[in-house]
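The figures here come from the full heavy-atom set of this structure, side chains too, leaving out hydrogens, waters and symmetry mates.
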Amino acid sequence: MLTIVLGAAAGGGFPQWNSNAPGCRRARRGDPVAKPRTQAGLAVTGDGEAWFLLNASPDLRQQIESTPQLQPRHGLRSSPIAGVVLTGGDVDAITGLLTLRERQPFTIYATSRAHGVLDDNPIFEVLARDVVHRQVVRLEEPVGLETPEGRASGLTITLFAVPGKVPLYLENPGETPGITEGEHTIGVALTDGHKRFFFIPGCAEMTPALAERLQGADAVFFDGTLWADDEMIRAGLGQKTGRRMGHMSLSGPNGTLAAFRSIDARRKILIHINNSNPVLLDDGPERAIVEKAGWEVAFDGMEVAL
């Protein structure tokens with residue numbers, strides 16, 4: 001089983017198009033310790049032939065052109081992309097689906113809630129329903145991934161709820177939604193029958209049940225959005241805390257680094273990293289801290305073979 005990181009950054013990428021913050025300036029200058037990253041997503045295969053995307057970021061076209069394994073191989077038109085697994089209806093998880101129009105067969109695997117977001121937006125009808133299959137996946141129900149021709153890929157996914165909140169654009173005006181567990185924030189467990197990894201790009205807090213689920217994982221790609229809960233406020237980049245946006249922070253007594261001290265995972269990889277997060281800088285003290293704690297910081301093109 002091979003996984004390729006298509007994008008490692010949070011919404012907006014790194015550098016973000018309208019950000020003039022120090023880290024983004026360094027990335028634009030080509031500073032080698034501030035490597036640019038596109039918006040978060042993975043590609044995984046069990047046989048090297050059929051590939052499945054975990055989320056479809058707005059940068060998907062660029063990511064495909066940067067990843068030879070995802071490019072056409074046969075005839076005038078073809079694609080090794082057999083399906084897309086969605087972790088929710090966030091803009092940075094679904095927008096890339098529009099790149100996959102052109103009547104190319106594949107399957108969208110998602111919860112009924114995420115499919116509802118697509119159904120409610122007519123623009124997604126460019127993914128012709130007689131070509132692109134929309135499969136509803138129930139939480140905690142293992143589902144085998146298949147090619148458009150019905151061939152088993154050898155990969156099985158299980159979608160499960162993690163603490164989070166509805167996407168910002170789906171909030172009701174004047175409402176401050178709380179942190180809950182449901183179909184709005186989803187993690188993905190993926191296995192080939194031998195190895196097992198998790199993709200959790202958004203998570204608001206660690207619970208005993210989630211910690212138990214992750215024990216013994218071969219790899220965990222986990223929410224690395226912010227270093228500190230008030231990071232964006234202190235930097236003058238926004239008014240919301242990380243928790244208000246539905247994300248754990250890396251540092252602090254309730255942060256990710258602390259939460260994973262008792263979780264035995266062979267590889268721990270940060271993904272969905274906001275452009276304000278100093279762990280993006282190879283030479284910063286925060287990078288040294290996470291690496292000392294046994295974490296890797298994902299980058300575009302990173303390959304994880306299990």
Side-chain angles (χ1 to χ4, degrees), residues 3-19 21-28 31-42 54-55 57-60 62-63 66 87-88 90-93 96 162 164 185 187 198-204 206 219-235 237-238 240-252 255-257 259-260 267-304:
T3 299
I4 299 176
V5 176
L6 301 180
F14 179 65
Q16 183 172 297
W17 70 277
N18 66 342
S19 175
C24 290
R25 290 201 303 271
R26 292 178 67 177
R28 287 196 182 94
D31 188 330
V33 304
K35 299 180 182 68
R37 289 164 167 84
T38 58
Q39 294 168 90
L42 303 180
L54 304 189
N55 286 345
S57 91
D59 298 320
L60 184 56
Q62 175 185 345
Q63 293 167 346
S66 299
T87 64
D90 290 281
V91 170
D92 52 358
V162 298
T185 307
F198 293 87
F199 177 57
I200 307 174
C203 184
M206 181 61 66
V220 179
F221 291 88
F222 197 80
D223 183 350
T225 306
L226 299 177
W227 175 257
D229 191 52
D230 62 349
E231 176 178 307
M232 296 186 67
I233 297 173
R234 287 190 290 106
L237 299 173
K240 292 185 175 70
T241 63
R243 183 174 175 80
R244 172 64 180 83
M245 295 186 290
H247 297 284
M248 292 178 69
S249 299
L250 295 177
S251 63
T256 299
L257 299 186
F260 269 80
R267 295 185 69 174
K268 299 175 294 184
I269 305 167
L270 297 173
I271 199 163
H272 194 273
I273 308 163
N274 196 59
N275 69 89
S276 62
N277 192 332
V279 301
L280 288 172
L281 305 177
D282 295 354
D283 62 351
E286 294 85 1
R287 172 65 71 85
I289 291 171
V290 300
E291 290 180 346
K292 185 177 180 180
W295 286 86
E296 302 171 66
V297 177
F299 56 87
D300 292 20
M302 178 183 190
E303 296 189 4
V304 177

* Asked: When rounded to the nearest 0.5 angstrom, what distance separates CD in E296 from CZ in R287?
  -> 10.5 Å

* With rounding to the nearest 0.5 Å, note down the distance linking OG1 in T256 to CH2 in W227. => 10.0 Å

* With rounding to the nearest 0.5 Å, note down the distance linking CG in D90 to OG in S57. => 12.5 Å

* Within-4.5 Å side-chain heavy-atom neighbours: V162 and F198 -> no

* Test L250 against every option in L226, N277, T225 by the side chain to side chain contact (heavy atoms under 4.5 Å, CB included) rule and name the one that passes. => N277

* Asked: What's the verdict on side-chain contact (heavy atoms from CB on, under 4.5 Å) for C24 and F14, showing C-alpha distance, side-chain angles and the deciding distance?
  -> CA-CA 6 Å; C24 290; F14 179 65; 4.1 Å; yes

* Structure fact -> Heavy atoms of V297 and R37 approach each other most closely as CG1-NH2, 4.0 Å

* I269 and side chain to side chain contact (heavy atoms under 4.5 Å, CB included): which partner among V220, T3, V304? -> V304

* F299 vs V5 side-chain heavy atoms within contact, under 4.5 Å -> no

* Structure fact -> For N274 and L280 the tightest heavy-atom approach is O-CD1, 3.3 Å

* Structure fact -> In terms of heavy-atom contacts, H272 and G11 come closest through NE2-N, 4.1 Å

* **Side chains of N55 and P201 in contact at under 4.5 Å (non-hydrogen atoms)** => yes

* Would you say the side chains of Q39 and D92 form a donor-acceptor pair under 3.5 Å? -> no

* To do: Quick one: pull up CD1 in I271 and CG in L6 and give me the separation to the nearest 0.5 Å.
  => 8.5 Å

* Could you state the interatomic distance from CD1 (I4) to CG (D300), rounded to the nearest 0.5 Å? -> 11.5 Å

* P36 versus P15, closest heavy-atom pair with distance -> CB-CD, 4.2 Å

* Taking all atoms of both residues into account, what is the closest heavy-atom pair of A34 and L281, and its distance? -> CB-CD2, 3.7 Å

* Do the non-hydrogen side-chain atoms of L54 and T87 ever get within less than 4.5 Å of each other? -> no

* Parallel, tilted or perpendicular, as decided by the 30° and 60° cut-offs, for the rings of W295 and F222 -> tilted

* Asked: How many angstroms lie between atom CE of M302 and atom CG of L42, to the nearest 0.5 angstrom?
  -> 10.0 Å

* Asked: Taking all non-hydrogen atoms of both residues, which atom of N18 and which atom of R28 are closest, and how far apart?
  -> N-NH2, 4.4 Å

